[in-house]
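In what follows, a structure is listed as C-alpha cells, so that the remarks can point back to it.
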Number of protein chains: 2
Amino acid sequence: MPRTRRSGCPINLTLEQLGDRWSLIVIRDVMFGNRRTYGELLEGSEEGIASNILADRLEWLTAAGLLARRADPDHAQRRIYSLTEPAIQLVPLLAQMGAWGRRHTRPSKALSVRAELLEQGGPPLWAAFMDELRHLHLGAARPARSVFAELQAAFEKATARPAR
Amino acid sequence: MPRTRRSGCPINLTLEQLGDRWSLIVIRDVMFGNRRTYGELLEGSEEGIASNILADRLEWLTAAGLLARRADPDHAQRRIYSLTEPAIQLVPLLAQMGAWGRRHTRPSKALSVRAELLEQGGPPLWAAFMDELRHLHLGAARPARSVFAELQAAFEKATARPAR
DNA sequence: TTGACCACTTGCGAGTTGCAAGTGGTTGAA
DNA sequence: TTCAACCACTTGCAACTCGCAAGTGGTCAA
C-alpha cells in the first residue's frame, strides 16, 4: 500500500489509514470479538486472513497508533494487542458501516445481529460501548453496563437457533 | 481487487464494496463536489486519480449500483454520473469518516470545514443533505434548505482567507 | 527431552496500481 | 469544409501488493 499523503482532506486521510481490505477487519475482531493476540486473530478470522497480511497490518496499525502491543506477563512469547483511544473512537464509524452493509448488501442473519443492535441503540449505546472498551483496553473503571455482553448474547442466541 | 465474498458480516461486505483507496474518494467528489462527468472527476481530483483507475472505479461503482450513468442530452459523448439511493445513504458514513479524520489525523484547515459543519449539524443536517442529493441526483423535489450551498460557502470562505 | 505452541517470516506466482502515451469519435470555430 | 480542441476512456509497462504455503526460532508443559 502506498501510504503517501495524497491530500489534506479528512476523509482521504481516514482512507489512507484504514482504507484497505484488512485493517478495519482486524480492528473489528479486536473490538467486537475481543481477540487480543496474533493467534486468536489468525485462528478466529471469519474472513481467513493470511498470516503475513495479519503480521503486516498489526505492525502498521501499531505504528499508526491504533493498536498498542505489550508483552503477556504470563507467557513470554505471547503479545497482547489493545485498542487505543483513537481506535475506540472508530465505534461510530464501524456502526455506520454495519448499518449500511445491513441495508445494502446481503449479509448473513447471524452476523448482522450485532450491527442491528448497534444501529437501534444509536449514539447512547455507542458511548456505553466505548466506555466499556476503555475499561477492557485502557484500564479505565468498569462501567455498570456491559454492551459487549449484550452484543455477545444476541449473537449467540442468533447462532444457536438457525435464522428463521 | 479480488471482490470475493469473504464472509457475511455486514462490515466486511461494506469493505468489499468500498474498502479500497479510491472508491469513496470518487463518491465523495460526486457528492460534495458535484462532479458529474469523467472529465470533471479527473481534472478536479484533489488526490490526482489516474485516468485508468478512475475509469475502473466508475465502471465498478456503476455495476455495484452506487452510481448511475446516463448520456448528456446536450453533448453526445459526455456521460453524466449520478448517485443512487444506496450511495446517498453513505452520507452518515462519510460524515463519521470526516469527523474521525479531523480528530485523529492532521488534515488541512480548508478541507476540514465541510467535515466540521457536518459533524456539528449531526443527523438532522445529514438528513437535509440527503434530501438535497435526492433532488440533485434522483430528480426529487428541491428541498427548502440547501446544505450543499452552506457547505460550499463555508469552504470558499475558508479558502479565501488563509487558515488562521 | 521432546513435542506442541507462539508469533511471526520467507518465497513466489498472480494480480493490482499508477504513470505516460495513445485511441477514436464529437464539437465548435474559421 | 477543415481542423484543432475536447471527451471518455484504453493500452503498455514497470513497480508494487496480495495471499497461499512452507519455514523459522524461541518457549512452554509433560
Side-chain angles (χ1 to χ4, degrees), chain A residues 1-7 12 15-26 29-30 33-64 67-82, chain B residues 1-7 12 15-26 29-30 33-64 67-82:
Chain A
M1 251 160 301
R3 303 275 194 178
T4 57
R5 184 181 167 103
R6 303 181 296 188
S7 86
N12 171 58
L15 275 174
E16 288 183 14
Q17 291 226 21
L18 301 166
D20 69 272
R21 306 175 74 66
W22 290 110
S23 295
L24 278 175
I25 294 286
V26 171
D29 283 353
V30 177
N34 201 34
R35 307 216 174 96
R36 304 295 293 273
T37 65
Y38 179 91
E40 284 174 8
L41 286 162
L42 189 65
E43 292 307 308
S45 171
E46 188 81 25
E47 288 82 13
I49 191 169
S51 60
N52 54 346
I53 306 289
L54 176 58
D56 181 83
R57 290 308 184 278
L58 288 173
E59 196 56 42
W60 164 257
L61 290 170
T62 302
L67 294 178
R69 180 160 48 197
R70 65 170 197 274
D72 184 339
D74 300 333
H75 199 299
Q77 42 182 171
R78 184 176 286 138
R79 302 163 95 182
I80 297 177
Y81 291 93
S82 302
Chain B
M1 249 160 302
R3 304 275 194 178
T4 57
R5 184 182 168 102
R6 302 180 296 187
S7 86
N12 171 58
L15 275 174
E16 288 184 13
Q17 290 226 23
L18 301 167
D20 70 273
R21 305 175 74 65
W22 290 110
S23 295
L24 278 176
I25 293 286
V26 171
D29 283 353
V30 177
N34 202 34
R35 307 214 174 97
R36 304 296 292 274
T37 65
Y38 180 90
E40 284 173 8
L41 286 162
L42 190 64
E43 293 306 309
S45 172
E46 189 80 27
E47 287 81 15
I49 191 170
S51 61
N52 54 345
I53 306 288
L54 177 57
D56 181 84
R57 290 307 184 281
L58 288 173
E59 195 57 41
W60 163 257
L61 290 169
T62 302
L67 293 178
R69 180 159 48 196
R70 65 170 198 276
D72 183 340
D74 299 335
H75 199 299
Q77 43 184 166
R78 182 176 289 140
R79 302 164 93 180
I80 297 176
Y81 291 92
S82 301

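Below, chains carry the letters A, B, ... as their sequence lines are ordered, and counting in each starts from 1.
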Are A/E59 and A/R69 close enough for a salt bridge, meaning some N to O gap below 4.0 Å? yes
Taken to the nearest whole Å, CG/A/L41 to P/C/dA7 is 9 Å
>> For the backbone of A/Y81 and the side chain of A/R36, can you confirm whether one donor and one acceptor N or O come within less than 3.5 Å of each other?
In response: yes
_With a 4.0 Å cutoff (strictly under), does any side-chain N or O of B/R57 reach OP1 or OP2 of C/dT17?_
yes
Of C/dC8, C/dG18, C/dT27, the nucleotide closest to the side chain of A/Y81 is C/dC8
To the nearest angstrom, the CG-C1' distance between A/L54 and D/dC20 comes to 15 Å
To the nearest angstrom, the NE2-C1' distance between A/H75 and C/dC5 comes to 7 Å
Per atom distances to the A/N52 side chain, the nearest of C/dA7, D/dC7, C/dT10 is C/dT10
Here the distance between atom P of C/dC19 and atom CG of B/D56, to the nearest Å, is 15 Å
Rounded to whole Å, CD1 of B/I53 lies from C1' of D/dC9 at a distance of 13 Å
(Q) Quick check on C/dT16: is either OP1 or OP2 less than 4.0 Å from any side-chain nitrogen or oxygen of B/W22? (A) no
Side-chain atoms of B/A50 come closest, of D/dA22, C/dA21, C/dC19, to C/dC19
Separation between CZ (B/R21) and CG (A/D20), nearest 0.5 Å, reads 7.5 Å
Side-chain atoms of B/R79 come closest, of C/dC19, D/dA8, D/dA21, to D/dA8
- Item | Test log, rule salt bridge (Lys or Arg N to Asp or Glu O under 4.0 Å), inputs B/E16 and B/R6 | CA-CA 8 Å; B/E16 288 184 13; B/R6 302 180 296 187; 3.2 Å; yes
note: B/Q77, atom CD; D/dT10, atom P; distance rounded to Å ~ 14 Å
_Given 3.5 Å as the limit, does a donor-acceptor pair link the side chain of B/Y38 with the main chain of B/S51, or not?_
yes
In whole angstroms, the gap separating P of D/dC7 from CZ of B/R36 amounts to 17 Å
Whole-Å distance, B/E40 CD to D/dC6 C1', equals 14 Å
5'-most contact on DNA chain D (nearest-nucleotide basis), A/A76 vs A/G48, goes to A/G48
